[in-house]
Amino acid sequence: MNEILRIIEKRDLYTHIILFKIYIENEGRTDNFYGGQLDKEIQSLLGENFNRNDLGTAKEYLMSQGLTKLSCKQLTTYGRSYIEDWARSFENLSESDKQELQQELPTEVFDFFKFAEKAKTVLSFITQILKLKETLGN
């Protein structure tokens, strides 16, 4: 049972990284194709913790669930809604949860998502995604 939970946890990490990256790079649009080198970028982000099999599992999951298409290079409308709803779930956090999310992110994380100085903590990262959503007016 613990092994199943470990697999799900790793898959969820990779799937959310992929969804966030595609969403941010395509500014939430479902008609744009992500033109970067997603695998290499994720490998660079995760460093020695990167596992190609886990990435493959996550990509297969995203495609099979209808969250992405074109080899995980494009969001579906369902994928966009999923990531936006997930980000919105952070809007109503308790003060203690907000304090916990004030921990600083490693430079590689906000560089990966190109938020630079705007998102140095987990909470500010989520805030930037919500601002992007508002800007897009979706």
Side-chain angles (χ1 to χ4, degrees):
M1 187 62 130
N2 286 339
E3 183 63 16
I4 291 171
L5 295 174
R6 189 186 65 72
I7 291 169
I8 292 169
E9 185 176 286
K10 284 196 293 184
R11 184 199 67 210
D12 284 352
L13 171 66
Y14 281 87
T15 58
H16 283 92
I17 288 171
I18 293 167
L19 288 171
F20 272 121
K21 184 67 171 178
I22 296 170
Y23 184 90
I24 304 271
E25 292 292 326
N26 292 341
E27 297 182 324
R29 297 179 59 111
T30 58
D31 60 346
N32 286 353
F33 179 82
Y34 176 67
Q37 295 182 332
L38 192 60
D39 293 13
K40 287 183 180 180
E41 293 170 13
I42 292 172
Q43 183 176 8
S44 177
L45 172 68
L46 297 177
E48 64 184 41
N49 294 317
F50 176 78
N51 182 296
R52 190 158 307 284
N53 289 332
D54 293 337
L55 177 63
T57 299
K59 285 180 158 186
E60 188 277 328
Y61 176 81
L62 289 168
M63 298 284 293
S64 70
Q65 294 298 306
L67 296 164
T68 62
K69 54 187 176 181
L70 300 173
S71 298
C72 292
K73 296 282 189 169
Q74 190 174 27
L75 287 175
T76 63
T77 54
Y78 178 62
R80 177 181 58 196
S81 294
Y82 172 86
I83 203 66
E84 289 174 353
D85 289 345
W86 188 85
R88 270 192 224 106
S89 72
F90 289 89
E91 288 180 315
N92 299 317
L93 293 174
S94 68
E95 285 305 312
S96 63
D97 288 339
K98 287 180 183 177
Q99 287 300 319
E100 192 171 318
L101 293 176
Q102 288 298 345
Q103 61 186 320
E104 193 159 311
L105 290 167
T107 304
E108 295 83 7
V109 173
F110 54 82
D111 285 349
F112 178 78
F113 291 106
K114 298 185 180 170
F115 283 148
E117 297 299 313
K118 298 177 191 170
K120 286 199 173 243
T121 66
V122 176
L123 188 58
S124 61
F125 176 80
I126 298 297
T127 301
Q128 290 303 311
I129 290 175
L130 293 171
K131 283 182 184 177
L132 178 59
K133 163 74 174 118
E134 289 171 14
T135 301
L136 299 174
N138 290 336

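Quick caveat: nothing in here was measured; it's all calculated off a predicted structure. For the numbers below, each heavy atom of this structure counts, side chains included, while hydrogens, waters and symmetry mates do not.
What you find for Ala58 and Ile18 is that their closest heavy atoms are CB-CD1, 4.3 Å. When all heavy atoms are compared, the tightest approach of Gln65 to Tyr78 is O-CE2, 3.5 Å. Across every non-hydrogen atom of Lys69 and Met63, the tightest pair is CA-SD, 3.7 Å.
Residues Tyr82 and His16 meet the side-chain proximity criterion, which asks for heavy atoms closer than 4.5 Å. With contacts defined as side-chain heavy-atom distances shorter than 4.5 Å, the pair Leu13/Lys10 does not qualify. Here the side chains of Phe50 and Leu45 are not in contact, with every heavy-atom distance at 4.5 Å or above.
Judged purely by atom type and a 3.5 angstrom limit, Thr57 uses its side chain to pair as donor or acceptor with the backbone of Asn53.
Put simply, CG on Asn26 and OH on Tyr34 are 9.0 Å apart, with the number rounded to the nearest 0.5 Å. Between the OG1 atom in Thr15 and the CD atom in Glu60 there is a gap of 12.0 Å [rounded to 0.5 Å]. How far OG1 of Thr76 is from CG of Leu67: 5.5 Å, rounded to the nearest 0.5 Å. Summarising the geometry, atom CD belonging to Gln43 is positioned 12.0 Å from atom CG belonging to Asn49; distances are rounded to the nearest 0.5 Å. Between Ile17 atom CD1 and Asp12 atom CG the span is 11.0 Å, to the nearest 0.5 Å. Note: Leu62 CG to Ile22 CD1 = 7.0 Å, rounded to the nearest 0.5 Å.
Side-chain atoms of Tyr23 and Glu84 form a donor-acceptor pair, as typed in the model, at a separation below 3.5 Å.
Of the residues listed (Asp39, Thr68, Asp54), the one engaging Lys59 in a side-chain hydrogen bond (donor to acceptor under 3.5 Å, both in side chains) is Asp39, and it is the only one.
Residues Glu3 and Arg6 are paired through a salt bridge, judged by an N-O separation under 4.0 Å between the basic side chain and the carboxylate.
Under the 30°/60° scheme for interplanar angles, the aromatic rings of Trp86 and Phe20 are found to stand perpendicular.
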